Number of protein chains: 2
Amino acid sequence: MTESRGERKERTRRAILDAALSLSEGSALVALSLRQVAKEVGIVPTAFYRHFPSIEDLGLALVEESLDTLRALLRELRHTAGEDAATIIDGSVSVLVEQVRQDHAHYGFIARERFAGPAGVREAIARGIELAERELATDLAHLPGTDTWTDHDLQVLSALIVGAMVITAERLLGTSPGSPAEQRVADDARTQIRMLLVGARNWQSRTP
Amino acid sequence: MTESRGERKERTRRAILDAALSLSEGSALVALSLRQVAKEVGIVPTAFYRHFPSIEDLGLALVEESLDTLRALLRELRHTAGEDAATIIDGSVSVLVEQVRQDHAHYGFIARERFAGPAGVREAIARGIELAERELATDLAHLPGTDTWTDHDLQVLSALIVGAMVITAERLLGTSPGSPAEQRVADDARTQIRMLLVGARNWQSRTP
DNA sequence: CGTGACAGTGCACACATGTTCACTCTCGTA
DNA sequence: TACGAGAGTGAACATGTGTGCACTGTCACG
């Protein structure tokens, strides 16, 4: 017995989460049956209840986990410093590519459940994205050149950038790691955010 | 009997489509059962097969229909002329708001099934969006001021614009018609596309 | 007028699902 | 060392599901 009681429980909990993640791939959370995941994990259906009261709660746990990796992405992005804007952008997109490649399952889950998931799941994801927008806005406010900007315009700009990131992530999900397609998506994303930043640089907030 | 045989069949076909659209709202296509829609329509389950060979095909028909309304949006957008760029943008966003408001069910369906739907459905939607990007790119090419642009850069720019439109549509889906929230989303979208176009105006394609 | 195509019915079946309950066995603790 | 908590079992249930089959009635057409 090299495993403690708690470790063993945690291990099957993880197995359940992984099974759910893998099974819901190519479909949706709502099309996931308790018995299916139980069979995949290798436990009897009723044992599922020892870990989650329902599939819905399993979904919420999965969202929580996925949002964690999303937050990790943001943290990583924040540390992507550089000399000029161009290198910052290039680095950020690289980080995005890396993360999506690495946590493919989680990002796929978020993409799928963002609109198709149950209400609680949808709201949690929406909150996560909003948070990203707000954080980016405050980050932008501390950058030089944004002194003439309205708070609201900064908010709108970050929404635009985050939106571009989301769409890029969604596109990346459809490509395989290291493929030319992935490279193309990444390059295009870099170009897009550059365009977008050229726009920002020449922007002039109208005083309200 | 004021209804012909064919009209009657078409009517229950429509009823099935509408029922599926309404029932899949708040969930997903994959979580839709044949018996459920049959009960909603008021026919016996097996009668469903007179109209569709399976739920999956029902889904494809719904996608087709939804993509039709998407194409209608594009057509409408194309006719939104104006003096300067600003009025074109304002008009286009207004059209988007109007259309999403009017065909809420279809756009919601697209948003939900874009990633959570079965493979065939996902691909059909992806093709529809790509088509929109290509069409916008050729439209942009005929505009003055884009002579120095690379074909590829034009393509990337339209992907960016279409992406912003998609995200705006998704945001609009969460607001109720005529609400202040809807107004806010629309206004922000106008600002975003303006920013984006300022970027485009100052863009300089690197010769490859 | 008759007849056949065919939308819709009703029953049947085999199967999957969520949840219940009483149970076993084993680790951690008192 | 004794025991209790609790992860996992296995049988049972009511219910929902897709689909097959024989059927009925009625509109359209020869």
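It should be emphasised that the depicted structure is a prediction, and the values quoted were computed from it without experimental measurement.
Side-chain contact annotation: R190(B) with S94(B), donor-acceptor N/O pair under 3.5 Å present.
Between the S205(B) side chain and the T150(B) main chain, a donor and an acceptor come within less than 3.5 Å of each other. Looking only at distances, no side-chain donor or acceptor of R114(A) sits under 3.5 Å from a matching main-chain atom of F115(B). With hydrogens and angles disregarded, no donor-acceptor distance shorter than 3.5 Å links the side chain of T146(B) to the backbone of H142(B). In this structure a side-chain-to-backbone donor-acceptor pair under 3.5 Å is missing from E135(A) to L131(A). Side chain of E113(A) to backbone of L29(A): a donor-acceptor contact under 3.5 angstrom is found. Judged purely by atom type and a 3.5 angstrom limit, S158(A) uses its side chain to pair as donor or acceptor with the backbone of Q155(A). A distance-only check finds no donor-acceptor pair linking the side chain of R171(A) to the backbone of A189(A) [under 3.5 Å].
Judged by closest nucleotide on DNA chain D, S54(B) is the one of S54(B) and G6(B) placed further toward the 5' end.
The distance from atom CG of D57(B) to atom P of dG18(D) is 14 Å, rounded to the nearest whole Å. L58(A) has its CG atom 12 Å from the P atom of dG18(C), to the nearest Å. Put simply, CZ on R11(A) is 13 Å from C1' on dG8(D), counting in whole angstrom units. Between the C1' atom of dG18(C) and the NZ atom of K39(A) lies a distance of 15 Å, rounded to the nearest Å. With rounding to whole Å, L34(A) atom CG is found 9 Å from dT17(C) atom P. Spacing between atom CD1 of I55(A) and atom C1' of dT19(C) amounts to 13 Å, rounded to whole angstrom units. The interatomic distance linking Y49(A) (OH) with dG10(D) (C1') rounds to 15 Å, in whole Å. The separation between E40(A) atom CD and dT17(C) atom P is 13 Å, rounded to whole Å.
Non-hydrogen atoms lying under 4.0 Å from DNA chain C are contributed by nothing in residues 13-30 of chain B.
Using a 4.0 Å cut-off, no side-chain N or O of Q36(A) falls inside it from OP1 or OP2 of dA16(C).
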Counting only pairs under 3.5 Å, give me each side-chain donor-acceptor contact of residues 51-66 of chain A, with atom names and distances, residues two or more places apart or in other chains.
from   : atom 1 : to      : atom 2 : distance (Å)
H51(A) : NE2    : T12(A)  : OG1    : 3.0
S54(A) : OG     : E56(A)  : N      : 3.3
S54(A) : OG     : D57(A)  : N      : 3.3
S54(A) : OG     : D57(A)  : OD1    : 2.6
E65(A) : OE1    : H106(A) : NE2    : 3.0
E65(A) : OE2    : R14(A)  : NH1    : 2.7
E65(A) : OE2    : R14(A)  : NH2    : 3.1
S66(A) : OG     : L62(A)  : O      : 2.9

(message) So if I define the base as every atom that isn't primed, P, OP1 or OP2, how would nucleotides 6-12 of chain C read as a B/S/- string at a heavy-atom cutoff under 4.0 Å?
(response) BBBBB-B
